[in-house]
There are 2 protein chains.
Amino acid sequence: MSELASYIRNVPDFPKKGIVFRDITTLLKEPGAVKKVVSTFYEKYCDAKIDKIVGVESRGFILGSALAFKLGIGFIPIRKKGKLPAETVREEYSLEYGTDTIEIHKDALQPGERVLIHDDLLATGGTMSAACKLIERAGGKVAGVCFLVELNFLKGRDRLKNYDVFSLIQYDHE
Amino acid sequence: MSELASYIRNVPDFPKKGIVFRDITTLLKEPGAVKKVVSTFYEKYCDAKIDKIVGVESRGFILGSALAFKLGIGFIPIRKKGKLPAETVREEYSLEYGTDTIEIHKDALQPGERVLIHDDLLATGGTMSAACKLIERAGGKVAGVCFLVELNFLKGRDRLKNYDVFSLIQYDHE
């Protein structure tokens, strides 16, 4: 287990009974921990010819933006339906109950641009799998996907087999 | 008008007819523009003894996080109701129709910490006014509030008279 894990707060029974929520806000307020996170991502991706960082709304915006800044490349948001003002590409995906939809601006990417997608946490992989499809439909190439936290026991990685998946903190059980 | 304004996309009739939406995503994907924004904020605040950057969900997370990283200080999110997992302080505020509620973790700040609050856009000032009250109720001191874009004609600054308000791009009319 990474030393970074000590900055994560475990909140029992959120958002519902039996779930231990891994709260990253306690890490985000510690600049030394954020620096370590961003530097580790930077080392992995600085030579990977990444053109853009895409962050998934909304916690994915936080470290995604800091990483884009550190890499000196642009940042693009993937948002929930109806939030982006210009023309979008959409991807619907299944949740435990019902569906959700994410969007990216249709002109956000140049054809063939290499994209690193960031979200704070990999659980079942449903959102990130949809995000990867969205990038490809918007003309980009998914050069990698990265997370601060990965919940191994939910096997999200299995849904992202075609992609290079990287995470900094892993949990083997609830 | 700032040269930065050329990176903002004007989207007519979003989110409803007659409104010109100032879309910052076209700026965020240009690293030179983001660097200019973050450097300008940095110059203003680097000697202001800021302890924490607070970003308002969700667009305020993007540049708020990059600025916190550049300043080498911690980042704290203010979120919509029900999103933060641990114990929170809440502030309700009025919208054109109805109300909205924002939250911060109760233990996010140490007593007396000096906070710079960031959001992408100052319109009527309702959200930022509520954010300032929230910081004060959570034990912090609002050392400043900063925006990428300010819609002067909506006079949001009038609602923030007790605070140091700074914005990089201003619009005098719709």
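For clarity, every value in this text was computed on a predicted model and none was experimentally measured.
- Residue A:Lys106 qualifies as open at atom NZ: its count of foreign heavy atoms under 6.0 Å is 12 or below.
- Crowding of B:Glu87 atom CD: a count of heavy atoms from other residues, nucleotides or ligands under 6.0 Å not exceeding 12.
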_Residue pair A:Asp23, B:His105: steps toward the side-chain contact (heavy atoms from CB on, under 4.5 Å) verdict_ = CA-CA 11 Å; A:Asp23 178 18; B:His105 274 140; 3.4 Å; yes
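- Under the 3.5 Å distance criterion, with hydrogens and angles disregarded, no donor-acceptor pair is assigned to the side chains of B:Arg59 and A:Ser58.
- Top candidate by heavy-atom pairs under 4.5 Å with chain A, chosen from B:Lys83, B:Glu30, B:Arg79, B:Lys35, is B:Arg79.
- Between B:Lys70 and A:Lys70, every side-chain heavy-atom pair lies at or beyond the 4.5 Å cut-off.
- Summarising the local packing, CG of B:Asp47 is surrounded by 12 or fewer heavy atoms from other residues, nucleotides or ligands at distances under 6.0 Å.
- Listed options B:Ile76, B:Ile73, B:Asp51 were ranked by heavy-atom pairs under 4.5 angstrom with chain A; first place goes to B:Ile73.
- Residues A:Leu27 and A:Leu67 share a hydrophobic cluster, clusters being chains of Ile/Leu/Val/Met/Phe/Trp/Tyr side chains in contact below 4.5 Å.
- Between the CZ atom of A:Phe69 and the CG atom of B:Leu28 there is a distance of 12.5 Å, given to the nearest 0.5 Å.
- Only the side chain of B:Phe21 comes within contact range of chain A, with heavy atoms under 4.5 Å apart.
- A distance-only check finds a donor-acceptor pair linking the side chain of A:Lys29 to the backbone of B:Ala108 [under 3.5 Å].
- The shortest side-chain heavy-atom distance between A:Arg9 and B:Asp107 falls under the 4.5 Å cut-off.
- Interface remark: B:Leu84 contributes backbone and side-chain atoms alike to the contact with chain A (heavy atom separation under 4.5 Å).
- One hydrophobic cluster, built from ILVMFWY side chains closer than 4.5 Å, cannot hold both A:Leu122 and A:Leu151; they sit in different ones.
- B:Val37 and B:Phe166 end up in the same hydrophobic cluster when Ile, Leu, Val, Met, Phe, Trp and Tyr side chains are linked at under 4.5 Å.
- B:Tyr42 and B:Phe147 fall into different hydrophobic clusters, where Ile, Leu, Val, Met, Phe, Trp and Tyr are joined by side-chain heavy atoms under 4.5 Å apart, directly or via other members.
- Residues B:Phe75 and A:Ile62 form a side-chain contact, since some pair of their non-hydrogen atoms from C-beta on lies under 4.5 Å apart.
- Under the 4.5 Å side-chain criterion, counting only non-hydrogen atoms from C-beta, A:Ser65 is not in contact with B:Leu63.
- No chain of hydrophobic side-chain contacts below 4.5 Å, direct or via other Ile, Leu, Val, Met, Phe, Trp or Tyr residues, connects A:Ile102 to A:Leu121.
- Within a 6.0 Å sphere centred on NZ of B:Lys44, other residues, nucleotides and ligands contribute more than 12 heavy atoms.
- Residue B:Pro85 touches chain A through both its backbone and its side chain, counting heavy-atom pairs closer than 4.5 Å.
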